Amino acid sequence: MSLLSVKELCFSYGKTPFLDNISFDINEGEFVSVLGANGSGKSTLFSLMNGAKRPDSGTVSYKGRNISSIRTKERAKEIAAVFQNTECKFPFTCFEIAEMGLFPHKPRTEPEDIDLIKGIMERTDTLQFADKLITELSGGESQRVLLARALVQRPSLLLLDEAMSGFDIAARIKMTALLKELTRTSGMSVVLIRHDIEAAFMESDRILALKNGALLYNGAPDDLMSEKFFSDIYSVRAETENGRFYITGTD
Amino acid sequence: MSLKEDLKHKRAVFAVFYIVLAVLCVFIIFAGINLGAMKVSGYDVMRIVMSKLTGSEQLRGGIADNVTAVVWEIRIPRILCGMFTGAGLAAAGVIFQGILQNPLADPYTLGISTGASFGASVAIYISIVTGMYMPVTGFALAAALATLAAVTAIAGKGSSFESNDLIIAGIIASSVLSSGVSLLKMLSGENVSAIVFWIMGNISSCDWSDAALICPVVTAAVIIASIFSKQLDIMSLGDRNAAAIGVNTKRIRFIYLVIGSVITAVCVSVCGVIGFVGLIVPHLLRFRLSSKNSVLIPASALTGAALLSLADNVTRLLPGGEIPVGIITTLVGGPFFIYIFMRRRRV
């Protein structure tokens, strides 16, 4: 069943067209990667998907409702987002950061909420940082805490804009496994912007690939793996073999 | 310690902190009332206060009228103004640090205080030139609020009051108004000391009309600021993250901008520019007590109240006559801030 539906979406910055006639659906329980070179429009597309920006034309609808018509707080109960930037200039403890995810649901943390937050921090391997200050953590550790915060929101749709870019390989594999498990068990959908192409092809149910603001590819990883894909999206030459690829040079 | 026990422990620590500060404030009030050439016992102070509050003359039977006048008309309003100004500036410091997402911001970052100084300078200058009495506090308050409107208009034009836009708008407003103050100082000639003295920050001349303005405004502002404190916490993660967690960042920033600016405008209009309270208190408590604004705003207000009224008491004890309290706070606050800043960097 379609959770989020993007139809004929166009967006421009001033008079410069940026996204052109983009349409796709995100289904319940899907794990989708969004690929594209720098400046291809991925982050702008995310801002439109979570209602932070309004399109020039076209629609983004969540469970049949226009995303712009859903109030910020109501939207945050359904859609959570984490960004690459982990700026926090104030010394909040990591538990306090994770606790912020409760905000769309309730104004005050009750004792029973602590078990929920603790459980999510444990599963995201961040409970060890609970009493530490976010300002004392590395970039990757901070990203993990912010991802834990997003899961405390208990979203149906999780948008990650390069939110695992600072993770080490073990942390990324563990976190991806957790997110994929949640897509299966709770029906949560995950959409990730990422530059790790190999991981995207290995882990995703579906890949969306953008080039200069246009959606050029939308399909299962096995169907998209081709030399033409790499040439079209990244302007690089690649050889593909048995579901794997090797970059051999630039176009 | 489990997370639940830790949470309970923290809440107990905060409660003890509030109680200790509240008791300290009461102690400072009584010490302040008794400072000066005229000594009054705590019991007599209580009788005077109860008598004034209830309107019963009998309650202060035996206390001379001049003693009652000194306590009720001079010392109590001065102490209240000092306390609420300290509370207001410290709470405003927390607010401005929060909305500007900058731990080094203070109530004067957006030029509201320079606006008040300009308004006061205009009133003093007109008084000097025409010989007519001008209400300095009224001019200062009006100019401070006009500065807020200008900063809001500049920063809000085509954007959503983003922190950098607000800081730039504040710098512009502050620079222009500083030049205005300098011009008025120059034009005032040998009477320039009146403007200089006002800008130094002084609560010695505060009366009940000042207390009637500061006390309710600061109390209401601190209560309102505490209501939305969770949103202010979340805005520390940056606007995009905050919006994704459900915070209407533009609305919350605007609400806090108005609350912080009104507190600053009222405090500066009445007491002049008192430096460092609004920077040091929030900064110190944020790193020592908690970053959560639900704790930080009331804790800073109480600490600011104790600190400024204590500093005012010190100014009254200094040999050679009183000096403006703004000088003391800056003289002591500046080096102390360097100390905590260096220490935190070492940690």
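Remember, predicted model here, so these are calculated numbers, not experimental data. Letters go in sequence order (proteins before strands), and every chain restarts at 1.
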For this session: Please lay out, stage by stage, how B:N241 and A:R149 fare under the test side-chain contact (heavy atoms from CB on, under 4.5 Å).
Result: CA-CA 10 Å; B:N241 276 306; A:R149 183 273 299 160; 3.2 Å; yes
For this session: Could you tell me which non-hydrogen atom of B:S291 sits nearest to which non-hydrogen atom of A:P91, and how far apart they are?
Result: OG-CD, 3.1 Å
Exercise. With respect to B:D233, which candidate in A:F103, A:F92, A:F90 satisfies the side-chain contact (heavy atoms from CB on, under 4.5 Å) definition?
Worked result: A:F92
Exercise. Heavy-atom distance under 4.5 Å to chain B: side chain of A:L146, backbone, both or neither?
Worked result: side chain
Exercise. Which of the residues A:K89, A:R75, A:R71 is involved in the greatest number of heavy-atom pairs with chain B at under 4.5 angstrom?
Worked result: A:K89
Exercise. Quick one: OG on B:S294 to CZ on A:R108, what's the gap to the nearest 0.5 Å?
Worked result: 8.5 Å
Problem set entry | Atom group of B:S290 that falls short of 4.5 Å from chain A, counting heavy atoms | side chain
Exercise. For A:D113, is it the side chain, the backbone, both or neither that has a heavy atom under 4.5 Å from a heavy atom of chain B?
Worked result: neither
Exercise. Checking A:I79 against chain B: side chain, backbone, both or neither under 4.5 Å from a heavy atom?
Worked result: backbone
Problem set entry | Within-4.5 Å side-chain heavy-atom neighbours: B:K230 and A:T109 | yes
Exercise. Do other residues, nucleotides or ligands put more than 12 heavy atoms under 6.0 Å from the NZ atom of A:K180?
Worked result: yes
For this session: Examine whether an atom of B:K292 lies under 4.5 Å from a heavy atom of chain A, and if so say whether it belongs to the side chain, the backbone or both; otherwise answer neither.
Result: both
For this session: Please flag which part of A:L133 lies under 4.5 Å from any non-hydrogen atom of chain B: side chain, backbone, both or neither.
Result: neither
For this session: Inspect the surroundings of CZ in B:F254 and state if more than 12 heavy atoms from other residues, nucleotides or ligands are less than 6.0 Å away.
Result: no
Problem set entry | Heavy-atom pairs under 4.5 Å with chain B, option from A:D115, A:L127, A:T93 with the top count | A:D115
For this session: Could you grab the distance from atom NZ of A:K73 to atom CG of B:N248, nearest 0.5 Å is fine?
Result: 11.0 Å
Exercise. So, B:R240 versus A:N85: side-chain donor-acceptor pair below 3.5 Å or not?
Worked result: no
Problem set entry | Side chains of A:Q153 and B:I245 in contact at under 4.5 Å (non-hydrogen atoms) | yes
For this session: Could you look at A:P107 and say if it's the side chain, the backbone, both or neither that has a heavy atom under 4.5 Å from chain B?
Result: backbone
Problem set entry | Nearest atoms (heavy-atom pairs only) where B:K10 meets A:E96 | NZ-OE2, 4.3 Å
Exercise. side-chain contact (heavy atoms from CB on, under 4.5 Å) between B:R251 and A:T72: does it pass, once the steps are laid out?
Worked result: CA-CA 11 Å; B:R251 193 181 65 157; A:T72 312; over 6 Å; no
Seminar exercise, completed: Nearest heavy-atom contact between B:A244 and A:A81 is CB-CB, 3.8 Å
Exercise. Crowded around A:K77 NZ? As in, over 12 foreign heavy atoms under 6.0 Å?
Worked result: yes
